[in-house]
Peer 1: 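The following block contains the structure, expressed as structure tokens.
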Amino acid sequence: MLCPNNQVLSYSTTSRDGYREFKSNPTICANCPHLQQCTHSRNHQKVVQKLIWESHVERAEDFRHSEEGKASYTLRSQTIERVFADAKEKHGMRYTLLRGLDRVRNWVRLKFAAMNLKKPTLWA
């Protein structure tokens, strides 16, 4: 990563929230002509956070805006949305009686596993 003065922002750490932190050298930034547009920190250090999966997000965005991505998105209503609609209508996933994220997550996984097992039996 580069700052506006073309100085390298070196990798510092990865936060618990899933962000990589890149920091500038404060001794170089103290005398930088672009300091006011770059950072307002007291120690003259620019900090940039990037998501760990940033490269994957960028690739997904590039695909979404391509012609192939636009064509596949039009099929979404026939494929992906149909699965969720079936789950709500046929498998009781409109509401849950369970409390807690872990219990609901396990319940949903069990429902979708049952739906996946049901598919080949209906096609055969």
Peer 1: Of all residues at least two apart in sequence or in a different chain, which pass the salt bridge (Lys or Arg N to Asp or Glu O under 4.0 Å) check with Arg20?
Peer 2: none
Peer 1: Kindly give the heavy-atom pair with the smallest separation between Phe112 and Met93, and that separation in Å.
Peer 2: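 Heavy atoms only, the tightest pair is CE1-CE, 3.7 Å.
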Peer 1: Could you pull out all donor-acceptor pairs under 3.5 Å where a side-chain atom in residues 51-62 meets a protein atom, sequence neighbours excluded?
Peer 2:
{"residue": "Glu61", "atom": "OE1", "partner": "Arg64", "partner atom": "NH2", "Å": "2.9"}
{"residue": "Glu61", "atom": "OE1", "partner": "His65", "partner atom": "NE2", "Å": "3.3"}
{"residue": "Glu61", "atom": "OE2", "partner": "Arg64", "partner atom": "NE", "Å": "3.4"}

Peer 1: Can you list everything that forms a side-chain hydrogen bond (donor to acceptor under 3.5 Å, both in side chains) with Thr27? Sequence neighbours excluded, please.
Peer 2: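 For Thr27 the side-chain hydrogen bond (donor to acceptor under 3.5 Å, both in side chains) partners, ignoring immediate neighbours, are Asn25.
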Peer 1: Would you give the length of the straight line joining atom CG of Leu9 to atom CD of Gln45, rounded to the nearest 0.5 angstrom?
Peer 2: 9.5 Å
Peer 1: Kindly compute the distance separating NZ (Lys23) from OG (Ser10), expressed to the nearest 0.5 Å.
Peer 2: 9.5 Å
Peer 1: Measure from the side-chain N and O atoms of Lys111 to the backbone N and O of His91, and report whether any donor-acceptor pair falls under 3.5 Å.
Peer 2: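 Such a contact is found between Lys111 side chain and His91 backbone.
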Peer 1: Determine, step by step, whether Leu2 and Gln7 satisfy the side-chain contact (heavy atoms from CB on, under 4.5 Å) criterion, reporting the C-alpha distance in whole Å, the side-chain angles of both residues, the deciding distance to 0.1 Å, and the verdict.
Peer 2: CA-CA 5 Å; Leu2 294 176; Gln7 296 297 321; over 6 Å; no
Peer 1: May I have the step-by-step check of side-chain hydrogen bond (donor to acceptor under 3.5 Å, both in side chains) for Asp17 and Ser15, ending in yes or no?
Peer 2: CA-CA 5 Å; Asp17 298 328; Ser15 70; 4.7 Å; no
Peer 1: Show the nearest heavy-atom pair for residues His44 and Ser24, with the distance to one decimal.
Peer 2: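 So the minimum-distance heavy-atom pair works out to O-OG, 4.3 Å.
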Peer 1: Please report the interatomic distance CG(Leu117) to OG1(Thr121), rounded to the nearest 0.5 Å.
Peer 2: 8.0 Å
Peer 1: Going hydrophobic residue to hydrophobic residue with side-chain gaps under 4.5 angstrom, can you get from Val108 over to Phe84?
Peer 2: yes
Peer 1: Could you state the interatomic distance from CG (Asp86) to NZ (Lys119), rounded to the nearest 0.5 Å?
Peer 2: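 So the gap between those two atoms works out to 9.0 Å.
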Peer 1: Give me the atom names and distance for the closest heavy-atom approach of Ala71 to Thr74.
Peer 2: O-OG1, 2.6 Å
Peer 1: Working to the nearest 0.5 angstrom, can you tell me the gap between Thr14 OG1 and Gln49 CD?
Peer 2: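 Nearest 0.5 Å value for the OG1-CD distance: 10.5 Å.
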Peer 1: Report the distance from atom OH of Tyr19 to atom OG1 of Thr13, rounding to the nearest 0.5 Å.
Peer 2: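 It is 15.0 Å, given to the nearest 0.5 Å.
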Peer 1: Search all heavy atoms of Gly92 against all heavy atoms of Trp107 and return the closest pair with its distance.
Peer 2: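 Answer, listing the atom of Gly92 first, then Trp107: O-CH2, 3.4 Å.
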Peer 1: Test of understanding: clusters of I, L, V, M, F, W, Y form through side-chain heavy atoms closer than 4.5 Å, transitively. Do Met115 and Ile80 belong to the same one?
Peer 2: yes
Peer 1: Glu81: what forms a salt bridge (Lys or Arg N to Asp or Glu O under 4.0 Å) with it, not counting sequence neighbours?
Peer 2: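 Partners of Glu81 under the salt bridge (Lys or Arg N to Asp or Glu O under 4.0 Å) test: Arg76.
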Peer 1: Using the test salt bridge (Lys or Arg N to Asp or Glu O under 4.0 Å), find all partners of Arg94 that sit at least two apart in sequence or belong to another chain.
Peer 2: Glu89
Peer 1: Which residues satisfy the salt bridge (Lys or Arg N to Asp or Glu O under 4.0 Å) test with Glu68, sequence neighbours excluded?
Peer 2: none
Peer 1: Do other residues, nucleotides or ligands put more than 12 heavy atoms under 6.0 Å from the CG atom of Leu97?
Peer 2: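 For Leu97, atom CG is not crowded (no more than 12 foreign heavy atoms under 6.0 Å).
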